Every structure is written in structure tokens, then in C-alpha cells.
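Since the structure comes first, as C-alpha cells, the remarks are kept for the end.
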Number of protein chains: 2
Amino acid sequence: MKIKPDILKQSGLSITESRKKILDLFLETDGALAHADIEKNTSSAFDRVTVYRTLQTFVEKGIIHQIPTTDNSILYALCKHNCEQGHHHDDHVHFICSNCDKTICLDEVTVPEVKLPKNFTKQQSAMVVTGICEDCK
Amino acid sequence: MKIKPDILKQSGLSITESRKKILDLFLETDGALAHADIEKNTSSAFDRVTVYRTLQTFVEKGIIHQIPTTDNSILYALCKHNCEQGHHHDDHVHFICSNCDKTICLDEVTVPEVKLPKNFTKQQSAMVVTGICEDCK
DNA sequence: CAATTTTTGCACTAACGTTGCAAATAGTTT
DNA sequence: AAACTATTTGCAACGTTAGTGCAAAAATTG
């Protein structure tokens with residue numbers, strides 16, 4: 001596993017308490033986090049605004065990526081592969097457990113290709129599967 | 001194409017101005033709508049609350065379905081196939097054009113099956129593809 | 001360690017979403 | 001068609017979520 005300061009340094013970010021703590025949280029968590037989770041779970045409380053800005057920065061730098069949901073929230077998860085600024089290799093399937101509500105990145109499961117209708121050009125594709133996860137089985 | 005009052009009647013809903021107007025909007029629009037679009041585009045202005053409740057009702061009755069996004073909003077689109085209450089046959093791919101920002105239901109393109117890791121059980125799956133649509137090509 | 005740049009937290013504002021309740025509208029019965 | 005019942009609407013109020021400007025604090029640079 002990479003070392004936290006390295007991740008920040010490689011992205012050209014200053015190393016601050018909040019960034020380290022939030023990054024920690026992502027590294028510890030095997031799944032996706034919502035903004036609210038982050039506010040609650042970081043021991044030392046940061047300002048909401050700091051959390052917003054940190055997440056925004058991390059997304060811009062390709063450290064984390066966003067996961068689409070239908071419940072009016074955004075989930076964030078670590079990019080495990082090499083994501084450059086703006087270009088995410090975020091091609092794995094996301095799994096949302098309808099029992100424990102956790103969102104898990106299935107890094108081994110690649111989003112399959114689909115044939116689009118004529119004159120449609122693909123840039124990115126995302127896939128979200130809901131069901132029961134291994135822990136809740 | 002179905003006739004509006006029929007759709008409402010078949011779902012056991014009273015036929016009201018707002019429901020007809022909002023349903024109209026969906027039938028006219030070849031794509032998905034966000035809550036905000038609906039508030040803006042219905043000629044006679046309804047209360048925000050009415051729009052919320054109407055959308056909620058439509059989802060419950062299987063008239064429309066929700067589309068996941070990463071931008072903290074929910075998109076709604078007509079269910080073109082036979083969706084019963086609670087059981088959506090919403091197994092088609094959604095396409096978001098990064099030029100005109102429209103979301104289009106690719107009814108002909110079915111979400112492919114994926115092999116989940118051991119002990120994961122699938123209930124539903126959704127797929128969102130971004131790119132350039134036929135109109136913007 | 002001083003100077004410069006970046007980041008943080010606070011105050012304020014704006015938008016979003018939900019609920020209770022009375023008025024209005026739709027459906028039903030005779 | 002009128003009276004009755006059930007449903008739906010709009011308003012007001014509330015709470016949560018998200019974003020911005022600016023001064024203070026912390027991090028980086030030399």
C-alpha cells in the first residue's frame with residue numbers, strides 16, 4: 001500500500017492534517033464514503049467546508065472518484081489504479097449492498113463494453129449493481 | 001403512444017392538472033428530466049412540493065424511473081416497458097451527452113450481465129455511459 | 001527563520017427536500 | 001346535478017446540504 005504523504009506529494013498538494021486524516025479514512029475503509037461519513041468518522045472534527053474542499057481537490061487530482069447514486073448523494077472511493085488528473089481509469093463495477101448500505105468497489109469486475117446505437121460515441125461508462133454483499137449473506 | 005389519462009388511470013391515480021402536465025412533459029421530452037427542469041418547463045407553475053410528490057408517486061407506480069448521477073441530482077425518465085409497482089424493468093443503458101447534457105434512455109441497449117465475486121448476490125444493475133449523442137455528432 | 005503561498009474556519013447565503021395542515025379539487029353516490 | 005368522501009394541492013415552517021468571501025492559521029520556499 002502506498003504511504004499517505006507520498007500520495008499527496010505526488011499530486012502536488014501540501015500535506016495538512018485534514019488531508020492526511022481524510023486520506024487515512026479512505027485507506028482504512030474498504031468501500032465508498034459519503035460526505036456525511038467523512039464528517040462523522042474523522043476523530044478530530046474538521047469544518048464541513050474543509051471536507052467539501054478536500055474531497056473536491058482529491059477528485060481533481062485523481063486520488064478519489066465519484067460513484068453515481070439514485071438517492072441524491074455522492075459517494076467517493078479511492079482510485080486504486082493509476083488515475084491522472086481528469087482521466088480516471090475508473091472502469092470497475094460498484095456494488096451497493098441493500099442490507100448494510102455499504103458501497104464496495106469491485107476492482108476485479110470490469111464494466112463490460114456495450115454496443116451503442118449508430119452515431120453515439122462513448123467516453124466513459126459506469127455500472128452500479130445493487131444486491132447483498134458477502135458480509136451480509 | 002399511450003394516452004395520458006390512460007397511464008394515470010391504469011396506475012390507479014386521480015387525474016389532476018399537475019399530473020397531466022408533468023406526464024405531458026415526459027412524453028414530449030426525449031430524454032431524462034431533473035426536478036429543476038420540471039419546475040421550469042411546465043407552463044403553469046406548480047408548487048415545488050407538488051412536483052416532488054408527483055415524481056415520487058410516479059416512481060412508486062412505475063411510470064417513471066430514477067437514473068443515477070454523480071452530480072448530486074436525480075434524473076427521471078419514462079419507463080417505456082411494462083413496469084409494475086416496485087418492479088422496474090429498467091434494464092436499459094442510460095446515455096449522458098457531455099456536449100448537450102441530455103440524458104437519453106437507450107431502450108434497445110440492455111445492461112449486460114456481470115459475474116460478481118463469490119457471495120455477492122445481484123438484485124438490480126444500472127449502467128450509465130457518457131459521450132457524444134447522435135444529435136451533437 | 002522570515003517571506004510567500006496555500007489552506008483552514010467562521011459567518012453568511014442560497015438551494016434543496018420534507019412535513020403538517022387547511023383549502024381546493026377529483027371521484028363517488030344517490 | 002348536488003352532496004358527500006377521499007385525494008391532492010399549496011402554503012408556511014423547518015431542517016439539512018452545499019457554496020462563497022475573507023481574515024487567521026498553517027505549510028512551503030528560499
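Sequence lines set the chain letters: A, B, ... in the order given, protein chains first and strands last, and positions in each chain run from 1. Just so it is clear, the values below take in all heavy atoms, side chains as well, and ignore hydrogens, waters and symmetry mates. Owing to the predicted nature of the structure, the values given are computational and were not obtained by experimental measurement.
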Geometric class of the A:His65/A:His92 ring pair [parallel <30°, tilted 30-60°, perpendicular >60°] | perpendicular
Rounded to the nearest 0.5 Å, the CD1 atom of A:Ile96 sits from the CD1 atom of A:Ile104 at a distance of 10.0 Å
Atom CD of B:Glu60 to atom P of D:dT7: distance rounded to whole Å?
-> 14 Å
Which residue, B:Leu13 or B:His35, contacts DNA chain C at a nucleotide closer to its 5' end, judged by nearest heavy atom?
-> B:His35
Phosphate contact (D:dT9 OP1 or OP2) by B:Thr16 side-chain N/O below 4.0 Å = yes
Ion pair B:Glu17/B:Lys20, N-O distance below 4.0 Å = yes
Rounded to whole Å, CZ of B:Arg53 lies from P of D:dT8 at a distance of 10 Å
Winner on side-chain proximity to A:Thr54, out of C:dT8, D:dG10, C:dC16, is C:dT8
Are any non-hydrogen side-chain atoms of B:Ser14 and B:Arg19 less than 4.5 angstrom apart?
-> yes
Has the side chain of B:Arg48 got a donor or acceptor that lies under 3.5 Å from a partner of the other kind on the base of C:dG17?
-> yes
Centres of the B:Tyr76 and B:Phe58 rings: under 6.0 Å?
-> no
Rounded to whole Å, CD1 of B:Ile15 lies from P of C:dA24 at a distance of 23 Å
B:Tyr52 OH - D:dT8 P separation (whole Å) | 20 Å
What integer distance in Å separates B:Leu8:CG from C:dG27:C1'?
-> 14 Å
Rounded to whole angstroms, how far apart are NZ on A:Lys20 and P on C:dT8?
-> 12 Å
Residue B:Ser14, side-chain heavy atoms: nucleotide from D:dT7, C:dA11, D:dG10 that is nearest = D:dT7
Distance in angstrom units between A:Asp47 CG and D:dG19 P, rounded | 14 Å
For D:dA18, does OP1 or OP2 lie under 4.0 Å from any side-chain N or O of B:Asn72?
-> yes
Atom-to-atom span, CD of B:Gln56 to C1' of D:dT7 - whole angstrom | 15 Å
